[in-house]
**Student:** 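Dropping the structure in here first, questions after.
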Amino acid sequence: MDKVVITRKIPENGIELLKGEFELVINEESRNLKKDEIMELSKDAFGIISMVSDKIDSEVIENCSNLKIIANYGVGINNVDIEAATSNGIFFTNTPDVLTQATAELGFSLILAVSRHLIQADSFTRSGKFTGFDPVLFLGKELYGKTLGIIGMGRIGSSVARMARFGFNMRVVYFNRGKSDRERLVDAERVELNQLLKESDVVIVCAPLNEDSKYLLGRDEFSLMKDDAVFVNIGRGEVVDTEALIEKAKSSDRFGVGLDVYENEPNFDKRLLELKNCVLLPHIGSATYKARMRMAEIVATNVLKVKKGICPDFAVNGGELCRAKG
Ligand code: DGY
């Protein structure tokens, strides 16, 4: 029976689809597998269901003798060497669309949590410090009529834009490589990055990680931002120079930070813990039952499709490989 390696436990509906069809090797531990562990487990595997935190580079790929598909459990594709997969005739798929709304809602939750100090206020109440209504307790920021700057106006970015524009009457500006064809739908305006940083009351990073976005925001960029801005990242940690972010946040008590993603996950920079107004989440953007179950269905179905000789859905390198199949 062909083997499928699942590098972290996924929702049961995905496992059920594969049971009986494959030998399943599932990492049941609450930790990411190390590269050498992935290499050892997958050397004779037919498929790998990988997490966006697993680095599947050319060394891993070339070590596999029977691999036909890498089904990434997420929309991000920066963790896999696509060229190596393609040149070895291995499909590489991801799970777009089904997590767009969940991730955008999480992004907006972070904006609200930071703007209104929700996490600190909750801890305050739990620790018995609530002494009655206080006119100057936890004063925050209203969003209505303010400017939101979105870095990366793809599917998730434009969902955030819609919530901001039509839910909170915010002015929405964005920065993208090209003009987004979604901008008219969400009434947003494309501006240069420096203008976005100067004018925005809230800045949210929704961009994926690629050559253009790596360390897009460094010391110069943070210095342009307002001292009382809210900064949120739900894209990828490596879009931001964490050192520069910490410096900016330390320079102003009114600068707020909300992060769901980090450089070098899960070993994030512990100095973030010292920041005053900062909410830190454990990469849960797509963590709703609905999204995570659909993602499980997609990865499992794609492995089954490849087994049957059918082109999988959302194949990042599908064009080339499906053409090659004829
Ligand atoms: C993705 O899908 O790339 C997210 O970061 C995981 O939720």
Side-chain angles (χ1 to χ4, degrees), residues 6-11 13-14 27 30-33 38 48-57 69-82 85 91-111 113 150-160 163 176 204-214 216-217 231-240 242 258-268 279-303 312-317:
I6 307 180
T7 65
R8 267 190 103 140
K9 212 168 164 340
I10 62 171
N13 63 311
N27 169 25
S30 296
R31 66 169 182 91
N32 294 346
L33 292 177
I38 297 179
I48 304 177
I49 293 182
S50 51
M51 303 303 117
V52 291
S53 44
D54 299 324
K55 198 161 175 47
I56 312 284
D57 59 15
I69 175 165
I70 302 163
N72 221 25
Y73 189 82
V75 65
I77 56 172
N78 56 288
N79 59 310
V80 173
D81 186 330
I82 304 173
F91 280 106
F92 171 46
T93 64
N94 67 344
T95 61
D97 301 332
V98 295
L99 49 63
T100 299
Q101 184 66 17
T103 310
E105 286 183 13
L106 194 277
F108 223 89
S109 307
L110 265 176
I111 293 174
I150 300 180
I151 299 175
M153 187 72 151
R155 286 173 279 233
I156 295 169
S158 51
S159 257
V160 172
M163 291 171 202
N176 227 26
I204 184 166
V205 175
C206 302
L209 178 63
N210 53 41
E211 275 169 20
D212 294 326
S213 67
K214 190 156 187 182
L216 184 65
L217 303 180
F231 175 79
V232 166
N233 190 357
I234 58 168
R236 280 294 178 266
E238 290 80 0
V239 175
V240 175
T242 309
L259 304 177
D260 187 42
V261 290
Y262 307 85
E263 277 187 85
N264 195 27
E265 290 180 20
N267 303 313
F268 65 91
V279 177
L280 304 174
L281 302 181
H283 203 146
I284 55 169
S286 60
T288 62
Y289 287 108
K290 184 176 170 188
R292 291 283 169 90
M293 287 174 73
R294 282 289 289 124
M295 290 159 73
E297 187 183 329
I298 290 170
V299 289
T301 307
N302 277 339
V303 174
D313 298 324
F314 310 118
V316 180
N317 57 2

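All heavy atoms count here, side chains included; hydrogens, waters and symmetry mates do not. One-based numbering, in listed order, for ligands and for the atoms of each. Just so we're clear, the structure is a prediction, and the values are computed from it rather than from any experiment.
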**Student:** If the criterion is any heavy atom closer than 4.0 Å to an atom of ligand 1, which residues make the list?
**Tutor:**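 Protein residues near ligand 1 are Val52, Gly74, Val75, Gly76, Leu99, Arg236, His283, Ser286.
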**Student:** Donor-acceptor pair, Asn302 side chain versus Pro312 backbone, under 3.5 Å?
**Tutor:**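 Not confirmed, Asn302 side chain does not pair with Pro312 backbone.
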**Student:** Can you list everything that forms a ring pair (Phe, Tyr, Trp, His ring centres under 6.0 Å) with Phe92? Sequence neighbours excluded, please.
**Tutor:**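 Expected list: none.
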**Student:** To the nearest 0.5 Å, what is the distance between CD1 on Ile49 and OG1 on Thr93?
**Tutor:**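 One finds 8.5 Å between CD1 of Ile49 and OG1 of Thr93.
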**Student:** Test Asp54 against every option in Asn27, Asn72, Asn79, Thr7 by the side-chain hydrogen bond (donor to acceptor under 3.5 Å, both in side chains) rule and name the one that passes.
**Tutor:**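 Of the listed options, the one satisfying the test is Thr7.
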**Student:** Restricting to non-hydrogen atoms, name the atom on Val303 and the atom on Ala71 that form the minimum distance, rounded to 0.1 Å.
**Tutor:**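 What the structure gives for the nearest pair is CG2-CB, 4.3 Å.
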**Student:** Let me see the working for Phe231 and Val240 under side chain to side chain contact (heavy atoms under 4.5 Å, CB included), right down to the final yes or no.
**Tutor:** CA-CA 11 Å; Phe231 175 79; Val240 175; 3.7 Å; yes
